[in-house]
Structure formats: C-alpha cells, structure tokens
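When reading the values below, keep in mind they use all heavy atoms of this one structure, side chains included, and skip hydrogens, waters and symmetry mates. Counting starts at 1 for both ligands and their atoms, following the listed order. As the structure is a computational prediction, the values presented were derived from the model and not from experiment.
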Amino acid sequence: MTAIALDAKDRKELLARFLRYVQVDTQSDENSTTSPSTAKQKDLARLLAEELKALGCADAAMDEWGYVYATVPANLDGRQGAASKVPTIGLIAHVDSYHGTLGAGVKPQVIEKYDGRDLTLPGDPRQVIRFADNPNLARCVGHTLVTSDGTTLLGADDKAGIAEIMTVVAWLARHPEFHHGAVRVAFTTDEEVGRGTEHFDVARFGAGYAYTLDGSDIGEIEDETFCADSALVTIEGHDVHPGYAKGKLTNAVRVAAAIVERLPNEFLPETTDERQPYLHPYDLRGDVTKIEMKFLVRAFSEEELRAREDALRAIVREVGAAFPGARIAVDVRESYRNMATKIAEDPKVLEYAFEAVRRLGIEPVRRAIRGGTDGARLSFMGLLTPNIWAGGQNFHSVQEWVSEEWMAKASECVLQLLRIWVERSAA
Ligand SMILES: [Zn+2]
C-alpha cells in the first residue's frame, strides 16, 4: 500500500504554490453587487485553472462567476470491489481574501527553522508577531513559517487551503498506484463577503460529500458554524435649516448614536467567545436625513439568534419612542445556518475526517467555528461539507502567519481521507 506522505519535493512545491497564490490580489468587496464582487479574483482563478490542467485535470475551467471546477477521475477500475460505490469527494477552498485589510502587494516572508523568537515584520516594524501572544508559535518551533511584511494581510485564509488542495491533486498525479474515487475540486469566490456559494451548482459539481479547507489549527475538524443573519437598520430623520431647527429637526445621526449606545456590552463580539452569541454594529453611513446601519447577528442556535434580533428590535422601539420624528426600520436577512444539524443526518462524512486525522498520529479536535464557511451553505444545499484545518493564524490581520508543516499535514489528511472513503465504501 502506498505510504501517504509528502516528500521534500512535494513540500517545496506546496510552499512555492502558496507563495505564488498570495501574491495575487484577490480582495473581495462587500459593497459590490457584481459576481465575483471584484474582477481581480478571476486572476487567481484563471491561474488555478491552468495549473489544474497542467496537473492532468482535463476538464479544469473557470466559469463566468470566477469559480474553478476540476475533476481527478477515479482510478479504481473495479480493483477495490465496486468502484461505483465510492462517492465522489469534493474539495473546496475560496480564492478571495478579506475585504477589510489591504490584500494588494503582498510580500511573503519565509522564516526557515523557526526558533521561537518574536517576529518583527520588515515592512512595518511596529507589527510584531509575539511568541507570548501566539500560543501556536510554540507548536511550530523548527517549522518553516510564512508571514506578510506587515503592511498587508498574508492571505493564508484561504490560499493555504488552495495550495493544500493543489498539492493533493499533484500528489495523486504523481502516485497513480494510489487508488481513489473521483475527486472534484472547486475554488469559489467571495466567501469573505458571504456570497461564496451564490452561484455554486451542487448538481453540476456532482460530489457525494465535500470538505472545505479553510482556517484553523492542525487537527481541527469543524462541523458547526454560527447561525448567521444580517440586520439593516434604516433611520430617516427630518432635516431643516439648523438655524431654525428648534422643535423641528430630527437628526438621524443622533438616533443612530442612541441605538449604538443602548447595545448591551455583553452582546458584542469583543466581549464574547466560545459558544456565546453576538450582535455587531459594523457599518454606519449616511447623514442627518438618513442613516443606514449594518449589524451582524450570530449564534449557534436559532433561538439565541432570534433572541438577539428581538433585543435589537426592542432597542429600536425604545429609541423610536424617544425620537418620535424619526422613522426606523429593521430588515433582518438570513445568511447561513449552523451546519451541524445537517451533518448529524449522515455523520460518516465527519467520522471519516476524524479517522484521517488519527491516521496522521494526531488527536483530532472537533470545533465550532465562530463564523461561517461555504460548507455551511452547501450542507443546506444538499452537499454535506465539514471543514478541515488549513493552518492560517491571525487571519484577516497584517499579522497573519502559517506553518508549512501544518499545510503539508492538511494535504496528507485529505489523502488519508480519500483512502478511508475507498476502504469504507467498497467493503
Ligand atoms: Zn476563509
């Protein structure tokens, strides 16, 4: 049986891929209504489609939305019992990077044989990735690490996931003796702005089960995401000349301030962690006549989600009573739901992932993501898609870093997983 391990050449290529991808600016834009939200995401998508072709995926192509799809055909040929019993496994990562931190002009810094020191980033010496503040650095002494130069994000979220999947595809091409079912690859756009599956064609993708490789630490498998809604609060004031405004003016700016002021401190993302819900005012624009405020609402259960939304409505009513001249509307929209309920309907997709981690000699860690993944939406669209770690740390920040070893282990985890699907399905 083929030993599943990346050799020195595989690892070198993995790192080279990662460095290549992070230098392509793929920042998404949450205020854009086009798909993809920024045309530059297609720059990386095009590159990936070409590289997949070069790795032997004859059907690799980018579609009009910037999604890349490709197939590694099964090579079972009936050798492992009925090849048709082995489901097609999907591997998914997103090309876009976080919209809130500069993603252009990334200059990746490679630190070989990390020795446990603080990492001062050369482009902005005020940016120091401190050993004491990053407990995972202690787990990565001796590893090859990659950071940005401190002036941009790195984009390990999710270019680490992309590089890991590409490395799996390359490894499979190099190891035809390794028997596996069909593998479908998808690289999506606009995950960071919550639109990563807007144009995802589950039927055309044709996978029985899938995994995202996105975020988090080595050994972590995630089958829970938040239940997520967004709330738009629109405040219409009444503007008159301020010199003659007495008793007439209703200032939307002050109404907005009153709403923010009343948010309970313990409801905020900066005061919550683990399984606590939050309510997060994150965007406010407008003027005296009209203000639009955007909120994220997040919780692990729908009951808690509704409780936070009810709290927001109650605050709005209270403020509305204090400003009778204002018209305030709350519009709540569903973003995604906790995928755990869906995955529990067919838990082997999760169990096999745990088994794959164990076969690497690592104790798997089951986690709930305080965020969402493309997998959350896909699980509700009929494709169960838990998440496997991609290794990135401090994501969305200029202090992002990633360990090459953790990336390599993610690729090996996927290869173990492909073997387990064959063993368990064809038996
Ligand atoms: Zn991500």
Taking both backbone and side chain into account, is any N, O or S atom of Asp214 nearer than 2.8 Å to the Zn ion (ligand 1)?
-> yes
The Zn ion (ligand 1) - closest N/O/S atom in His94 | NE2
Paired with Leu145, the side chain to side chain contact (heavy atoms under 4.5 Å, CB included) test is passed by just one of Leu137, Ile129, Val110, namely Leu137
Distance-only donor-acceptor check, side chains Asp96 and Thr26, under 3.5 Å = no
Sort out for me which residue in Val330, Asp283, Val260 forms a side chain to side chain contact (heavy atoms under 4.5 Å, CB included) with Met293.
-> Val260
Above 12 or not: heavy atoms from other molecules or residues under 6.0 Å from CD of Glu112?
-> no
Atom name of the N, O or S atom in Asp157 that lies nearest to the Zn ion (ligand 1) = OD1
